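Notes to accompany the following structure.
Just so you know, these numbers use all the heavy atoms, side chains as well, and skip hydrogens, waters and symmetry mates. Proteins get letters first, then strands, A, B, ... in listed order; numbering begins at 1 in each. As the structure is a prediction and not an experimental result, all values here were calculated from the model.
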There are 2 protein chains.
Amino acid sequence: MQLDEIDKKLLMLLQTDSKRTIKAYANDLELSNTAVYERIRRLENKGVIAKYVTLLNKGLIDKAFVVFCHVKLVQHIKEYVRQFEREVLQLEEVVECYHISGDYDYLLKICVKDMEAYREFLVGKLTALKNIGSTQSSFAIQEVKYSTAIQL
Amino acid sequence: MQLDEIDKKLLMLLQTDSKRTIKAYANDLELSNTAVYERIRRLENKGVIAKYVTLLNKGLIDKAFVVFCHVKLVQHIKEYVRQFEREVLQLEEVVECYHISGDYDYLLKICVKDMEAYREFLVGKLTALKNIGSTQSSFAIQEVKYSTAIQL
DNA sequence: CTATATTTAGAAAATAATTCTATTCTTAAA
DNA sequence: TTTAAGAATAGAATTATTTTCTAAATATAG
């Protein structure tokens, strides 16, 4: 995938704010509307642009309680691993999940209302899954940085 | 913040895809354009909608190497803590940073090109900061789930 | 109930996205 | 270099969408 400097600047602008007009991006890049329009279309078609989304203020929708939960499985048979991953996708409280190196197998990021909601999630949903060995929860005391933008 | 069922459905649609037309959302919600338009405007003004962004495909921009780095500080004097947090905000490789409970003080999510780029970040930038005690890196073997949407 | 404020619908106006045509700029081969 | 082919760009025309406006319907408080 070849991205020239204009593509990179454009993608930085789009990552920061996707609701400006094409004319506004064109002004910043000192290009015509059409040039910017065609570049965006190309980046969408190539798959570089994955999607356009709306980000909400977690504090205002009662989901400001963020927990990182390390999970260890009992068995690492391919079939069980696949099953765990399928089930995690269905858990609405889990916003991110990574298979990671180290002592634990998975790292989950969970957003809920409060500790009580987390307890319900942990006891009622996560540890209720088959093949869960141990879990270790770290609570977010403060969100220092959260960005969906990747530097180009 | 009071959100009725229509607001919640609308926010779920907007979180999933922010580039549809108002008419499209209005059809899904069985409302008029104006009703949806005014609801979106209200949610923006109240701050429930934080921003609209473009998400990129990390694999196609050479940033698919994701690392979670736990960081312990040496001293926890308020001034040093503030300084660390200010500096983390400036590190372009760091996409998320949380002050967390547990053995370590912070959890950082880092996106770079490959292990070599991570080594440069860790040695050249992160551990070069003042007041860093120890760090522990976990490498993402697989991204099982990544979502910016929060269930309402 | 009644008055007031809020939400909604439909139409009109303003703005923006998309397409079209022609031109300019690159690139690679002669 | 020069030239031909392809890609990228500009500007205008068209189409689509957002935004505003007016009036009606619905909900809310006294």
Side-chain angles (χ1 to χ4, degrees), chain A residues 1-63 113 147-152, chain B residues 1-63 113 147-152:
Chain A
M1 192 61 228
Q2 299 287 52
L3 299 177
D4 67 16
E5 286 308 309
I6 296 173
D7 286 330
K8 289 180 184 176
K9 280 184 194 160
L10 174 55
L11 288 171
M12 288 309 296
L13 294 173
L14 290 169
Q15 285 188 102
T16 303
D17 182 356
S18 63
K19 269 288 163 71
R20 299 172 69 205
T21 63
I22 287 176
K23 185 189 282 188
Y25 300 122
N27 278 336
D28 285 3
L29 299 170
E30 294 178 302
L31 276 176
S32 69
N33 283 17
T34 308
V36 171
Y37 178 81
E38 290 298 338
R39 277 174 184 269
I40 292 174
R41 202 223 301 254
R42 183 168 50 77
L43 292 164
E44 287 171 350
N45 290 340
K46 296 268 187 188
V48 174
I49 291 176
K51 62 193 306 202
Y52 299 97
V53 302
T54 303
L55 302 184
L56 307 187
N57 183 329
K58 285 197 282 290
L60 297 182
I61 55 172
D62 260 346
K63 302 282 181 177
K113 177 166 186 277
S147 171
T148 55
I150 294 167
Q151 189 70 30
L152 293 174
Chain B
M1 190 60 227
Q2 299 287 51
L3 299 176
D4 66 16
E5 286 308 308
I6 296 173
D7 286 329
K8 290 180 183 176
K9 280 185 194 162
L10 173 56
L11 288 170
M12 288 308 298
L13 294 173
L14 290 169
Q15 286 188 101
T16 303
D17 182 354
S18 63
K19 269 288 163 70
R20 300 172 68 204
T21 63
I22 288 174
K23 185 190 284 191
Y25 300 122
N27 277 336
D28 285 4
L29 300 170
E30 295 177 302
L31 275 177
S32 70
N33 283 17
T34 307
V36 172
Y37 178 81
E38 291 299 337
R39 277 171 183 269
I40 292 174
R41 197 211 318 242
R42 182 169 51 77
L43 292 164
E44 286 171 350
N45 291 339
K46 296 267 187 188
V48 175
I49 290 176
K51 62 193 304 204
Y52 300 97
V53 303
T54 303
L55 302 183
L56 307 186
N57 183 329
K58 286 198 280 291
L60 296 181
I61 55 172
D62 261 345
K63 303 282 180 179
K113 178 168 187 278
S147 171
T148 55
I150 294 167
Q151 189 70 31
L152 294 174

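- Taking atom CG of Asp4(B) as the reference point, atom P of dT6(C) lies 15 Å away to the nearest angstrom.
- Put simply, CG on Asn27(B) is 11 Å from P on dT17(D), counting in whole angstrom units.
- Under the 3.5 Å distance criterion, the side-chain polar atoms of Tyr25(A) are matched with a main-chain donor or acceptor of Arg20(A).
- Nucleotide dT6(C) holds its C1' atom 13 Å from the CD1 atom of Ile6(B), rounded to whole Å.
- In this structure, CG of Leu43(A) is placed 11 Å from P of dA8(D), rounded to the nearest angstrom.
- Computed from coordinates, the Glu44(A) CD to dT18(C) C1' distance equals 12 Å when rounded to whole Å.
- Five base pairs at each end of the helix from dC1(C)-dG30(D) to dA30(C)-dT1(D) define two local axes, and these are offset by 50° (rounded to 10°).
- Atom P of nucleotide dA17(C) and atom NZ of Lys19(A) are separated by 11 Å, given to the nearest angstrom.
- Between Val48(B) and Leu60(A), the shortest heavy-atom distance links the atoms N-CD1, 3.8 Å.
- Phosphate contact (OP1/OP2 of dT8(C), side-chain N/O of Arg39(B), threshold under 4.0 Å): present.
- Under a cut-off of 6.0 angstrom, the local environment of NZ in Lys9(B) is sparse, with at most 12 non-hydrogen atoms contributed by other residues, nucleotides or ligands.
- Remark: side-chain polar atoms of Ser18(B) are not paired, donor with acceptor, to backbone N or O of Leu14(B) under 3.5 angstrom.
- Lys51(B) contributes atom NZ, which lies 13.5 Å from atom NZ of Lys19(A) (distance to the nearest 0.5 angstrom).
- Rounded to whole angstrom, the span from the OH atom of Tyr52(A) across to the C1' atom of dA17(C) amounts to 12 Å.
- Scanning both residues, Asn33(B) and Lys23(B), for their nearest heavy atoms gives OD1-CA, 3.5 Å.
- Across the protein-nucleic acid pair, Ile40(A) atom CD1 and dA16(C) atom P stand 14 Å apart, rounded to whole Å.
- A salt bridge links Asp7(A) to Arg39(A): at least one charged side-chain nitrogen sits closer than 4.0 Å to a carboxylate oxygen.
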Protein heavy-atom contacts under 4.0 Å, written 5' to 3' over nucleotides 18-24 of chain D as B (base), S (sugar-phosphate only) or - (none), form the string SSBB---
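- Taking 4.5 Å as the limit, every side-chain heavy atom of Leu43(A) sits out of range of all side-chain heavy atoms of Leu56(B).
- Salt-bridge formation is not detected for the pair Arg41(B)/Glu44(B): no Lys NZ or Arg NE/NH1/NH2 atom is positioned less than 4.0 Å from an Asp or Glu carboxylate oxygen.
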